Amino acid sequence: MPATVLKNISEIRRFFHRNEDPIYFISATNFNLLGLDEWVKNFKYICYIDCYGGKHPNVFCPSEQPHAEFQSIEDINNYLLQHKEVIDFIKRRGGKPKFVFLMFDEETERLSKELGAEVWFPKAKLRTNMDNKIETVRIGNKAGVPSVPNVLADVKDYADLKKTCEKAGIGHDLVLQSAFGDSGHTTFFIKSEADFRRHEHEIVGEGEIKIMKRIDCRGSAIEACATKEGTIVGPLMTELVGFKDLTPYRGGWCGNEILSTAFPPKVRQRARELTFKFGEQLRKEGYRGYFELDFLIDKKTGDLWLGELNPRITGASSMTNHAAFAHADAPLFLFHLLEFSKKKFDLDVNELNNRWADPSMIDSWSQMVIKHTDDSVDICTEVPETGIYKMLSDGSVIFDRFDYHRRAVESENEAFFLRILQPGDYRYEGADIGILVTRGRSMTKNFQLNERAKRWIHGIKQSVAARPLPTVEASPSLADPAFKIL
């Protein structure tokens, strides 16, 4: 009997509603795929941090076991996959397990195989290659998706940098990026030799560097999924970047907004077209599944430039997968799962993309990633719990009720807070306190934090209490672990 082919959104939704194989999202938290368990039967989260105090029915957090200091999300995932309680949990539930991750490496793949599980993402080696910012430029060039005027070069010293830039005709007001890493740690703004000296140890000897002309731009993000039927494109989102109320890192990502009028229609359409072209090129490169692109929008000209590629789900994924179109049709990540399920489907991708481009398919939300921004280290004693918070008429913020659904937020005077920092954790400069999700905008039309957002941030931070470190413990070595868990 021939295998059935899924031919419309309704059949795809029903397919996952009846899914029998256990699917696990394994990561530090479940933030990136928040709510996906309600679309997919037998979908569970295995997390290192219990953001819900044991109250989320589909989140499993094993007890803490001795481990080496984590240097990456991959380390966290590899720790979880070797944890006896996790192994027992997976075996107890039976079936043929499928794993999805935010980040993973070849060791993660090996451990997954030992557990008899399939990793529903492209191979770690391919993802690493795609994640290389230098490679992103080259893929974009092949796809006809332009990057900010740049040159790729190994930098020996400042004189060498100047010479390289003069030859490329990109001036001396520069932005340098190393091949890997996030914007808060591996992006360097260089206008003088003094600037170069500050970051020299992070630039020289690091291999090929992306050297860009500095432009006055606005950041944006868009997620998509490369499937055998074509690339499905989500909405263009704003990015919150470098706000001192939220992050100590200049140029560091600290949130997103999703709204239909954030950018002019021409910019939105151009971003969708370029994302589709990039996704089609990724398919030719052998990559399939979920990915995100950052676009830099020139404030003067409105030109769009490719910023970077994230070949995975990201910190913006919860925004994409909760937009109005996701509830009307299906979350974008469902198409990623469909692609890896090997289930045959026949979709009109152009029709779907055109429908998702309709402004009525996008409602207005924002999320802010709140970090500890003071240059201090102490031990947390109280952190506001996950749930729904209310802002009173005087601007103060109070806890209203526990919930793990962000859709429970009814108005702009309510917000969903997901707790990351736990009592007993070190609170250091750059530590994630939690994520705040609100209806409406968190920025003004000029892309600055609005007063309502500032009151929300202040209210959450005021609810965090900590005690000083014992003198013998106080040490700068407790500071930032140098990787983001989101």
Side-chain angles (χ1 to χ4, degrees), residues 129-222 236 238-242 247 249-254 263 267 270-271 274-275 277-278 281-282 291-311 314 447:
N129 187 46
M130 298 285 126
D131 203 19
N132 182 325
K133 291 179 176 66
I134 312 302
E135 188 62 24
T136 300
V137 173
R138 295 189 173 117
I139 295 170
N141 290 343
K142 287 185 202 172
V145 180
S147 297
V148 174
N150 69 87
V151 61
L152 309 175
D154 191 335
V155 178
K156 298 181 179 66
D157 52 37
Y158 185 66
D160 179 50
L161 176 65
K162 282 184 72 175
K163 187 178 176 183
T164 299
C165 294
E166 283 164 7
K167 189 175 179 182
I170 59 174
H172 299 297
D173 192 358
L174 308 167
V175 180
L176 273 62
Q177 283 188 321
S178 52
F180 297 101
D182 70 80
S183 60
H185 298 275
T186 56
T187 298
F188 313 110
F189 301 90
I190 309 294
K191 198 172 183 178
S192 65
E193 187 166 4
D195 292 338
F196 183 82
R197 292 276 175 239
R198 271 195 295 275
H199 302 290
E200 187 171 11
H201 65 290
E202 297 168 280
I203 297 169
V204 175
E206 291 299 312
E208 213 168 18
I209 298 283
K210 181 181 177 184
I211 306 162
M212 295 174 281
K213 176 183 178 180
R214 188 171 178 179
I215 60 170
D216 186 13
C217 64
R218 186 157 286 134
S220 65
I222 191 166
L236 185 66
T238 68
E239 285 195 320
L240 279 66
V241 177
T247 179
Y249 307 120
R250 181 185 178 188
W253 169 81
C254 49
F263 303 103
V267 170
R270 176 71 171 156
L274 292 177
T275 304
K277 289 168 72 173
F278 197 96
Q281 184 61 42
L282 281 180
F291 68 94
E292 183 261 356
L293 294 178
D294 289 347
F295 282 110
L296 305 174
I297 303 170
D298 193 304
K299 290 180 185 178
K300 292 179 183 177
T301 65
D303 290 339
L304 259 72
W305 303 103
L306 175 63
E308 63 180 56
L309 160 71
N310 287 301
T314 70
F447 291 80

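This is a predicted model, so every value here is computed, not measured.
- Remark: of the listed residues I211, V155, V175, L176, L176 is the sole one forming a side chain to side chain contact (heavy atoms under 4.5 Å, CB included) with I190.
- Atom NZ of K156 sits in a sparse spot, with 12 or fewer heavy atoms from other residues, nucleotides or ligands closer than 6.0 Å.
- With sequence neighbours excluded, the residues satisfying side chain to side chain contact (heavy atoms under 4.5 Å, CB included) with C254 are L240, F243, L246, T247.
- When all heavy atoms of D294 and E239 are compared, the closest pair comes out as OD1-OE2, 3.3 Å.
- Between K163 and D160 there is no salt bridge, since none of the side-chain N atoms of the basic residue sits less than 4.0 Å from a carboxylate O of the acidic one.
- Salt-bridge check for E200 with R197: passed, with a basic side-chain N closer than 4.0 Å to an acidic carboxylate O.
- Taking the charged nitrogens against the carboxylate oxygens, R138 and E208 do have a contact shorter than 4.0 Å, which makes a salt bridge.
- Shortest non-hydrogen contact noted between A221 and E292 is CB-OE2, 3.2 Å.
- What you find for P311 and F291 is that their closest heavy atoms are CA-CB, 4.2 Å.
- The ring pair (Phe, Tyr, Trp, His ring centres under 6.0 Å) test applied to H172 returns no partner, not counting sequence neighbours.
- The nearest pair of heavy atoms linking K210 to I134 is N-CD1, 3.5 Å.
- The shortest heavy-atom contact between L304 and P146 is O-CG, 4.1 Å.
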